[in-house]
Structures are given as C-alpha cells and as structure tokens.
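These numbers were taken from a predicted model, which means no experiment stands behind them. Naming: A, B, ... by sequence-line order, numbering from 1 per chain.
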Number of protein chains: 2
Amino acid sequence: MIIGEAAAASGISQKMIRHYESIGLLHPARRENGYRSYGDADVAVLRFIRHARDLGFPLEDVRRLLALWRDHSRASADVRRIALDHVAALEEKARSLQAMAASLRHLAAHCQGDARPDCPIIDELANPEPEGTQR
Amino acid sequence: MIIGEAAAASGISQKMIRHYESIGLLHPARRENGYRSYGDADVAVLRFIRHARDLGFPLEDVRRLLALWRDHSRASADVRRIALDHVAALEEKARSLQAMAASLRHLAAHCQGDARPDCPIIDELANPEPEGTQR
DNA sequence: CTTGACCTTCCCATGATGGGAGACCCCACA
DNA sequence: TGTGGGGTCTCCCATCATGGGAAGGTCAAG
C-alpha cells in the first residue's frame with residue numbers, strides 16, 4: 001500500500017501519517033522509488049492511533065499505549081492506569097468547560113438582548129463581582 | 001506603570017501583555033526610554049481580557065467584546081449573541097469530553113488491572129467493536 | 001511522449017502561552 | 001563615579017495536533 005491507500009484504509013490523513021512516522025509511532029518500509037510502503041500491520045497501528053485519538057489520548061499516551069500493545073507481557077494495570085489518568089483529565093476539563101458555560105448562561109439570562117447597551121455580561125467582564133458565582 | 005506593575009495589577013503575564021498588544025487588543029503609550037507605559041484604562045482592558053479568557057472566550061471573541069465594551073451605543077443583543085454562541089461551543093466541547101471519559105471508564109471497568117496482559121482497553125483500541133458504545 | 005494523479009520534502013500557519021538569549025536601561029549603594 | 005542587580009526591550013523557538021501549499025520526482029494510461 002502507498003500512503004494514499006493507507007490513509008483511506010485507516011482514516012488518517014497523509015499529512016498525519018507522515019507526522020506520526022516523524023515522531024516515531026510507526027516505521028513503514030520504503031520502496032525503491034522513495035514511496036512509503038504500508039502493510040496490514042502498519043494500517044493496524046494507524047487504526048489503533050486513530051481510536052486512541054478519538055478517545056482524546058494525547059500522542060504521548062498513544063506512544064505508551066502502542067508500546068504496551070506490542071508488549072505481550074504487559075500488565076493490564078499499566079494500561080488501566082494510563083486510561084484512568086486520562087479519564088480524570090478529561091473529566092476535569094469537561095467540568096471546567098461546564099463551569100464556564102454555566103457562569104455565562106447565568107449572565108446571559110439577565111441580559112435583555114435588545115437594542116439597548118445595558119448588558120450584565122459586559123458589566124461582569126469589565127467589573128466582576130467579588131461575590132456571586134465563583135470561577 | 002511599567003509592564004511588570006501592569007502584569008501584577010492585571011494578573012496577566014508580561015509575555016501575554018506584549019502579545020495582546022501585538023495583536024491589537026491594547027495600545028499602551030511609550031516612555032522616552034522605550035518602556036511601555038500603562039495607565040488605569042490599560043489595566044482595565046487587561047482585566048477585561050483576563051475575565052473573558054477565564055470564561056473561555058477565544059481572543060477573537062475578546063476582540064469583539066472589547067469593541068462592544070468601548071461602543072457605548074452597542075446593542076446588548078450583540079453581546080448576548082457572542083456569549084450564547086460561546087456557551088454552545090463550550091457545552092458541545094464538554095459533552096464531547098464527557099463522552100470520551102464515559103467510553104473509557106466503561107472499558108476500564110472491565111479491565112482487571114493486574115499483572116496479566118489481557119486488557120479490554122487495549123483490545124478495543126486495536127480492534128474496536130462496531131457495536132457497543134458509540135463514539 | 002504528454003498528461004494527470006500520485007508521491008516526496010520543506011516551510012508556514014493555526015491558538016495561546018511560555019522560555020530564553022542578547023542588548024539596553026535605571027536606580028541604589030559604596 | 002562606578003558597578004551590580006533587577007527591570008525592560010526585541011527576536012527566535014517550543015508547545016500540541018493539524019493542515020495548506022510549493023517545488024520537484026514518479027508512474028501509468030492515453
């Protein structure tokens with residue numbers, strides 16, 4: 001397979017496939033003409049990467065997960081720890097975004113949203129109340 | 001005020017203050033010696049930026065909000081629209097992160113997390129079930 | 001043998017932030 | 001008056017994941 005086919009087969013762009021190679025996540029063979037050559041194992045790695053990325057794992061985690069995947073004597077505890085650490089990070093981030101959304105929703109609820117200039121949202125940004133919703 | 005004092009007064013790093021200036025969010029005066037000079041109005045702008053950033057607004061939104069803040073004939077509807085669009089973006093992002101966390105938590109719940117290699121998390125990454133939790 | 005579709009490498013951009021180098025400035029203290 | 005330490009200036013580079021685009025090589029079909 002050449003890179004375009006590998007991209008179609010894995011759902012990863014050619015750009016990113018080359019990038020993943022450049023950071024050492026995979027090592028496709030080369031043809032005589034310089035083209036990269038992907039086998040089924042390479043595509044499996046690319047798919048693995050994609051699924052990990054879909055779950056929000058940063059590439060450094062993906063690197064560790066790939067190493068564990070290849071290591072048949074791995075301890076599932078190691079995989080689990082990476083996963084649960086990531087879950088904690090995801091949930092913290094989600095909470096943070098939700099808190100922002102809630103604060104803003106609260107402010108927007110008190111904004112008339114008409115042609116007049118008075119607006120508690122702008123007021124809060126300019127001059128936040130020390131009390132009220134914590135951030 | 002010189003930049004260090006403005007940074008302390010606004011809670012924004014010197015680096016970022018210079019950056020915000022470079023993208024046109026504020027225009028501090030210059031002293032004879034080339035040092036930037038910040039007045040109370042500048043610090044108020046910096047504070048405004050910080051509060052907007054704390055609420056997750058991207059700098060492009062901050063730019064618009066600043067323009068509306070300065071425009072005393074603004075329509076509060078314009079502010080509100082920016083805010084609610086941002087709330088929608090925040091909530092969508094939060095939902096996305098939570099979905100990832102939930103999927104991973106589900107996988108981790110079925111992982112022994114011991115010294116043995118068997119691990120549904122790795123299995124799923126390598127070979128995702130077409131059925132099961134949607135992503 | 002040309003044309004078009006593919007591949008290669010290299011540079012640049014995003015968004016928000018920080019690190020660090022090298023040069024300049026200023027004030028206080030000896 | 002000199003010097004040391006702390007401020008500031010600009011400029012370049014890095015992060016993280018991704019993409020755009022240019023300039024040039026390769027291949028297969030017409």
Side-chain angles (χ1 to χ4, degrees), chain A residues 1-39 42-43 45-46 48-66 85-86 89-90 92-93 96-97 100, chain B residues 1-38 42 45-46 48-66 82 85-86 89-90 93 96-97 100:
Chain A
M1 257 186 270
I2 60 182
I3 197 170
E5 295 164 326
S10 66
I12 296 184
S13 71
Q14 302 185 20
K15 279 278 180 187
M16 290 317 297
I17 294 178
R18 291 195 196 96
H19 178 60
Y20 293 156
E21 176 185 350
S22 80
I23 63 173
L25 298 190
L26 73 164
H27 306 281
R30 291 286 181 141
R31 306 208 167 155
E32 301 236 333
N33 60 14
Y35 287 18
R36 289 171 179 81
S37 178
Y38 300 84
D42 295 310
V43 172
V45 168
L46 289 171
F48 185 101
I49 295 172
R50 183 162 72 83
H51 301 313
R53 294 288 304 134
D54 284 348
L55 287 169
F57 284 105
L59 289 178
E60 262 323 296
D61 283 5
V62 175
R63 182 194 306 279
R64 290 192 209 106
L65 291 168
L66 272 173
D85 285 355
H86 179 51
L90 287 170
E92 187 180 331
K93 184 73 182 169
S96 160
L97 297 181
M100 293 176 191
Chain B
M1 257 188 273
I2 60 180
I3 197 169
E5 296 164 327
S10 66
I12 296 184
S13 72
Q14 301 185 22
K15 279 278 179 184
M16 291 317 297
I17 293 178
R18 293 193 195 97
H19 179 60
Y20 294 157
E21 177 185 351
S22 81
I23 64 172
L25 297 190
L26 74 164
H27 307 281
R30 291 285 182 143
R31 306 206 167 156
E32 301 238 331
N33 60 14
Y35 285 19
R36 291 168 178 82
S37 179
Y38 299 85
D42 294 310
V45 168
L46 290 171
F48 185 102
I49 295 173
R50 183 161 72 84
H51 301 312
R53 294 287 304 132
D54 284 347
L55 287 169
F57 284 105
L59 288 178
E60 264 321 299
D61 283 5
V62 175
R63 183 194 305 279
R64 290 192 210 106
L65 290 168
L66 272 173
I82 293 175
D85 285 357
H86 180 51
L90 286 170
K93 184 73 182 167
S96 159
L97 297 181
M100 293 176 190

For this session: Kindly say if B:Asn33 contacts the phosphate of D:dC9, meaning a side-chain N or O under 4.0 Å from OP1 or OP2.
Result: no

Problem set entry | Interatomic distance where CD belongs to A:Glu5 and P belongs to C:dA5 [whole Å] | 16 Å

For this session: Look at the side-chain N and O atoms of A:Arg53 and state whether any lies under 4.0 Å from the OP1 or OP2 oxygen of D:dT18.
Result: yes

Exercise. How do B:Lys15 and A:Leu59 order along DNA chain D: which one's closest nucleotide is nearer the 5' end?
Worked result: B:Lys15

Exercise. Under 4.0 angstrom, heavy atoms only, what part of the nucleic acid is B:Glu60 near: base, sugar-phosphate, or nothing?
Worked result: nothing

Problem set entry | Minimum heavy-atom distance between B:His86 and B:Phe57, given as atom pair plus value | NE2-N, 3.3 Å

Problem set entry | Nearest-Å distance for atom pair CZ/P, residues B:Arg30 and D:dC9 | 6 Å

Exercise. Is A:Tyr35 near enough to D:dG25 that one of its side-chain N or O atoms lies under 4.0 angstrom from OP1 or OP2?
Worked result: no

For this session: Identify whether any heavy atom of A:Phe57 sits under 4.0 Å from a base atom; if not, whether one sits that close to sugar-phosphate; answer base, sugar-phosphate or nothing.
Result: nothing

Problem set entry | Interatomic distance where CD belongs to B:Gln14 and C1' belongs to D:dC9 [whole Å] | 11 Å

Problem set entry | Whole-Å distance separating the NE2 atom of B:His19 from the P atom of C:dT14 | 10 Å

For this session: Could you tell me whether the phosphate oxygens of D:dG7, OP1 or OP2, come under 4.0 Å of any side-chain nitrogen or oxygen in B:Arg31?
Result: no

Exercise. C:dT8 C1' sits how many Å from A:Ile3 CD1, rounded?
Worked result: 10 Å

Exercise. Do any side-chain nitrogens or oxygens of A:Arg18 fall under 4.0 Å of OP1 or OP2 in C:dT8?
Worked result: yes

For this session: Could you tell me whether the phosphate oxygens of D:dT18, OP1 or OP2, come under 4.0 Å of any side-chain nitrogen or oxygen in A:Ser13?
Result: no

Problem set entry | B:Arg36 side chain near D:dT8 phosphate (N/O to OP1/OP2, under 4.0 Å) | no

Exercise. Between D:dT8 atom P and B:Glu21 atom CD, what is the distance in whole Å?
Worked result: 14 Å

Exercise. Expressed in angstrom and rounded to an integer, what is the separation of A:Glu32 atom CD from C:dT8 atom P?
Worked result: 15 Å

Seminar exercise, completed: Rounded to whole Å, CG of A:Leu25 lies from C1' of D:dA17 at a distance of 12 Å

Problem set entry | Neighbour count >12 (heavy atoms, 6.0 Å) for atom CD, B:Glu5 | yes

Exercise. Where do B:Ser37 and B:Pro28 come nearest, in terms of heavy atoms and distance?
Worked result: O-CB, 3.6 Å

Exercise. Are side-chain heavy atoms of B:Tyr20 and B:Val62 found at a separation under 4.5 Å?
Worked result: no

For this session: Check whether any side-chain N or O of A:Arg50 sits under 4.0 Å from OP1 or OP2 of D:dT18, and answer yes or no.
Result: no

Exercise. Do A:Arg63 and A:Glu60 sit within salt-bridge range, that is, some charged N less than 4.0 Å from a carboxylate O?
Worked result: yes

